[in-house]
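Below, all heavy atoms of this structure are taken into account, side chains as well, without hydrogens, waters or symmetry copies. So that the names make sense, note that chain A is the first sequence line, chain B the second, and so on, each numbered from 1.
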Amino acid sequence: MKTNFLRDKAHWVWRETLAVHLRAPETRIASSLSPIEIFVALYYDDVLRFDAINPLSPERDRCIISKGHGSICMYPILADLGFFPKDELEKVCMAGGILGGIPDPVIPGYETVNGSLGHGLGVSAGMALGLKTRRADQQVFVVCGDGELHEGACWEAIMFAAQHGLDNLNLIIDNNHIAMLGYTDDIVSHGCFSERLGSFGWSTYEVDGHNISDVCATLHSMKATRDGKPKVMIANTLKGHGVPGLENQPLSHIINPKPEVIDNLLESLM
Amino acid sequence: MTEKPIAMRDALLTRIWRAMSSDENIYFTCADFGSPVLDKIRVDFPDRFVNVGIAEQNLINVSAGLALEGFKVFAYAIAPFITMRCFEQLRVSLALLSEVRPMNINLIGVGAGYSYVVSGPTHQCYEDITLMRALPNFRVLSPADHITASAMFDLCTANVGPKYLRLDAQVLPVIYSQDIGAPNLETGFKILRTGSKVCIISTGYMSHTAMKVADRLAESGIQVTIIDLFDITGFDQAQMQALISTYKGLVTIEEGFRGRGGVDALFFELAARNDIDIKHLNIGVEGGYRFELGSRSELHEQVGIGEKAVFDEVKNFVACL
């Protein structure tokens, strides 16, 4: 069963992400655990066309990871798919390695600069416009965090994408509801993303971001829909997913779980 | 016969418009800012022209996306807004990303210095040279007339990487007449007039002021060299060093803040690094932001870069050499 394969893969990525964090505690763990099913769906369920050997091949669908810090789970995925050697996972944040605390575009599989938040969506809109101009059928997927959508530049891009009917642009919001200092609803609330983005002219899809089969089905359905509107999947997720003491904690962004907690957790789930 | 002067932007945009019919890789973006020639671009090439609205941050990110898709992008807006409103986008999506990706992107900023005379400090631009030259990988270009602005089209299309062109909003007289010759893009600067003892380096509008001041100095028996610097980050350093080493005094004149990292800093550094023994007078906008109204030359006199102010400063400087 594909669903079982994907569920197992997501679990494997979850374990590997925790293992990377154990070796490199500088990495942001909580925000890297919420989008795991999103990335597993994109890369293991034939949503994205990619070429691990030639990552910038023109044939690829573009995948922009705008929430850079919160994408450490991409390290095991890209290594597993052959974008770079697996031994890089042993050298995260170390001299001589390519995988930093925040991913840079020197990493095969990362398209743009993601360290500073709020840029990915605008760049993605430009890529989508360029592809449309060339009448290319490749699509652009961009993964943003909900906290990142506080940046005004994101909303400039949201208006722009609707105006130009960029139906080759697929935004995925990892809606884990928590920024660095607490719940986004307590900082500046986004209200209901579906309503808000719908009113901006986007086609909206909302899913439980940890339900792998729903995430996959939604992404395939989005990719197949080309009706003159940009598309957004609001994936409701939990920051720090699966780690007691971290999951959905308002300060999870800056909490580093104790190594023994992760060790015990990984052992108990063997 | 000398060509009749036109606006720098019209000269450059005409080159772009002409090239767009044969080069399908040219894309034009703007942040709700126009010109008569721009109307031709938007009518003739609607699928390669986009107005993002008053949204410079998105202008830069969208342009970056287009450049990543292989387009040669010209992004057009008012100078202070295309440089300062979106500075982090310039840093992240252009300067930083172009370190690892080929991106041909050319920012056209209109309104260098005080060119928007009555619009006040929001629309005037005295910080752009400092800020833009702080960004690695960016090439900063500052033409003094429409002939140079037009020639820069060749430089923009031939060179990958982000560039910033600061254009004057007013129609300035022609500097590169047949007598002077074409602006040599490989060198990045041009000797407009040769004197002794003192070498004046100016850019943009201030090259016109420098020429007028040189005439007045000549009447007082002082012959100065004038260099028009139009490629601020890419000029031939070796040639420039060899040239300025032959003078006792160097004067930089810019329509930007004095002593805040602009053209003056560039030459203080050039001389210090290469152990060139030369006295340096840096003329630029004195003080901070001002709200007085008046003509451009009146405003220039108030901030120390008018013809009279420059003449007085240079004359005193020469007397002390």
Side-chain angles (χ1 to χ4, degrees), chain A residues 55-58 60-64 66 68 98 102-136 138-140 142 144 151-166 168-169, chain B residues 20 23-32 42 45-75 77 81 85-105 135-137 162:
Chain A
L56 294 175
S57 153
R60 78 197 187 282
D61 290 314
R62 282 62 165 155
C63 182
I64 283 53
S66 193
I98 58 166
I102 294 173
D104 278 316
V106 292
I107 302 171
Y110 276 88
E111 301 251 359
T112 59
V113 180
N114 328 281
S116 174
L117 295 171
H119 297 299
L121 186 49
V123 174
S124 299
M127 293 173 113
L129 181 68
L131 288 166
K132 238 181 145 71
T133 304
R134 293 202 197 284
R135 295 188 172 78
Q138 285 73 25
Q139 296 201 32
V140 183
V142 50
C144 293
E151 290 283 2
C154 294
W155 294 90
E156 293 181 7
I158 286 166
M159 291 187 280
F160 177 86
Q163 177 73 28
H164 293 281
L166 299 180
N168 55 348
L169 179 64
Chain B
M20 281 178 88
D23 187 348
E24 292 194 342
N25 282 322
I26 298 178
Y27 210 111
F28 199 99
T29 59
C30 82
D32 202 39
R42 57 204 273 191
F45 307 104
D47 57 344
R48 280 181 289 136
F49 167 86
V50 76
N51 177 3
V52 303
I54 306 166
E56 287 79 8
Q57 298 178 76
N58 201 41
L59 175 77
I60 301 307
N61 279 342
V62 164
S63 300
L66 288 165
L68 288 170
E69 289 300 330
F71 286 100
K72 295 169 205 159
V73 184
F74 288 88
F81 309 144
R85 181 56 174 252
C86 48
F87 194 71
E88 217 228 359
Q89 278 77 14
L90 299 179
R91 175 175 183 262
V92 167
S93 299
L94 302 188
L96 211 165
L97 193 52
S98 66
E99 191 80 41
V100 289
R101 301 274 187 275
M103 303 171 78
N104 190 337
I105 182 151
L135 294 174
N137 300 322

Item to complete: With rounding to the nearest 0.5 Å, note down the distance linking CZ in Phe45(B) to OG1 in Thr133(A).
Response: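 That separation rounds to 14.0 Å.
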Practice prompt. Let me know if Ser93(B) has heavy atoms under 4.5 Å from chain A in its side chain, its backbone, both or neither.
Written response: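 Side chain only.
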Worksheet item: Measuring heavy-atom distances to chain A, does Arg91(B) have an atom under 4.5 Å in its side chain, in its backbone, in both, or in neither?
Response: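 It is neither, since no heavy atom gets under 4.5 Å.
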Worksheet item: For Leu56(A), does the CG atom have more than 12 heavy-atom neighbours from other residues, nucleotides or ligands under 6.0 Å away?
Response: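 Yes, because the 6.0 Å sphere around CG of Leu56(A) holds more than 12 heavy atoms from other groups.
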Worksheet item: Does atom CZ of Arg48(B) have more than 12 heavy-atom neighbours from other groups under 6.0 Å away?
Response: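 Atom CZ in Arg48(B) is crowded, with more than 12 foreign heavy atoms closer than 6.0 Å.
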Worksheet item: What residues of residues 154-163 of chain A sit under 4.5 Å from chain B when only non-hydrogen atoms are counted?
Response: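 The list, in residue order, reads Glu156(A), Ala157(A), Phe160(A).
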Worksheet item: What residue, out of Gly122(A), Gly115(A), Gly130(A), has the most heavy-atom pairs lying under 4.5 Å from chain B?
Response: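 The residue among Gly122(A), Gly115(A), Gly130(A) with the greatest pair count is Gly122(A).
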Worksheet item: If you count heavy-atom pairs under 4.5 Å with chain A, which of Leu68(B), Leu59(B), Thr29(B), Val50(B) comes out on top?
Response: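 The residue among Leu68(B), Leu59(B), Thr29(B), Val50(B) with the greatest pair count is Val50(B).
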Worksheet item: When only pairs under 4.5 Å are counted, which of Val92(B), Val100(B), Asp47(B) shares the most heavy-atom pairs with chain A?
Response: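 Greatest number of close heavy-atom pairs with chain A: Val92(B).
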Item to complete: Mind jotting down which residue pairs meet the salt bridge (charged side-chain N to carboxylate O under 4.0 Å, His left out) criterion with at least one end in residues 102-111 of chain A? Sequence neighbours excluded, please.
Response: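 Counting only pairs at least two positions apart or across chains, the salt bridge (charged side-chain N to carboxylate O under 4.0 Å, His left out) contacts touching residues 102-111 of chain A are Arg60(A)-Glu111(A).
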Worksheet item: According to the salt bridge (charged side-chain N to carboxylate O under 4.0 Å, His left out) rule, which pairs have a member within residues 122-134 of chain A, sequence neighbours left out?
Response: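 Residue pairs passing salt bridge (charged side-chain N to carboxylate O under 4.0 Å, His left out), neighbours aside: Lys132(A)-Asp167(A).
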Worksheet item: Which atom names give the shortest non-hydrogen contact between Glu88(B) and Ser116(A), and what distance separates them?
Response: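 Taking every non-hydrogen atom into account, OE2-OG, 2.6 Å.
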Worksheet item: Any idea which heavy atoms bring Ala64(B) and Val123(A) closest together, and the distance?
Response: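 Taking every non-hydrogen atom into account, CB-CG2, 4.3 Å.
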Practice prompt. Only counting residues at least two apart or in another chain, list the ones meeting ring-ring contact (aromatic ring centres under 6.0 Å, His included) with Phe49(B).
Written response: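 Applying ring-ring contact (aromatic ring centres under 6.0 Å, His included) to Phe49(B) gives none.
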Discussion item. Would you say His119(A) and Gln57(B) are linked by a side-chain donor-acceptor pair, where the criterion is simply a distance under 3.5 Å?
Written reply: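 No pair is found: no donor N or O on one side chain lies under 3.5 Å from an acceptor on the other.
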Worksheet item: Between Leu66(B) and Met127(A), is a side chain to side chain contact (heavy atoms under 4.5 Å, CB included) present by the stated rule, with each step listed?
Response: CA-CA 5 Å; Leu66(B) 288 165; Met127(A) 293 173 113; over 6 Å; no
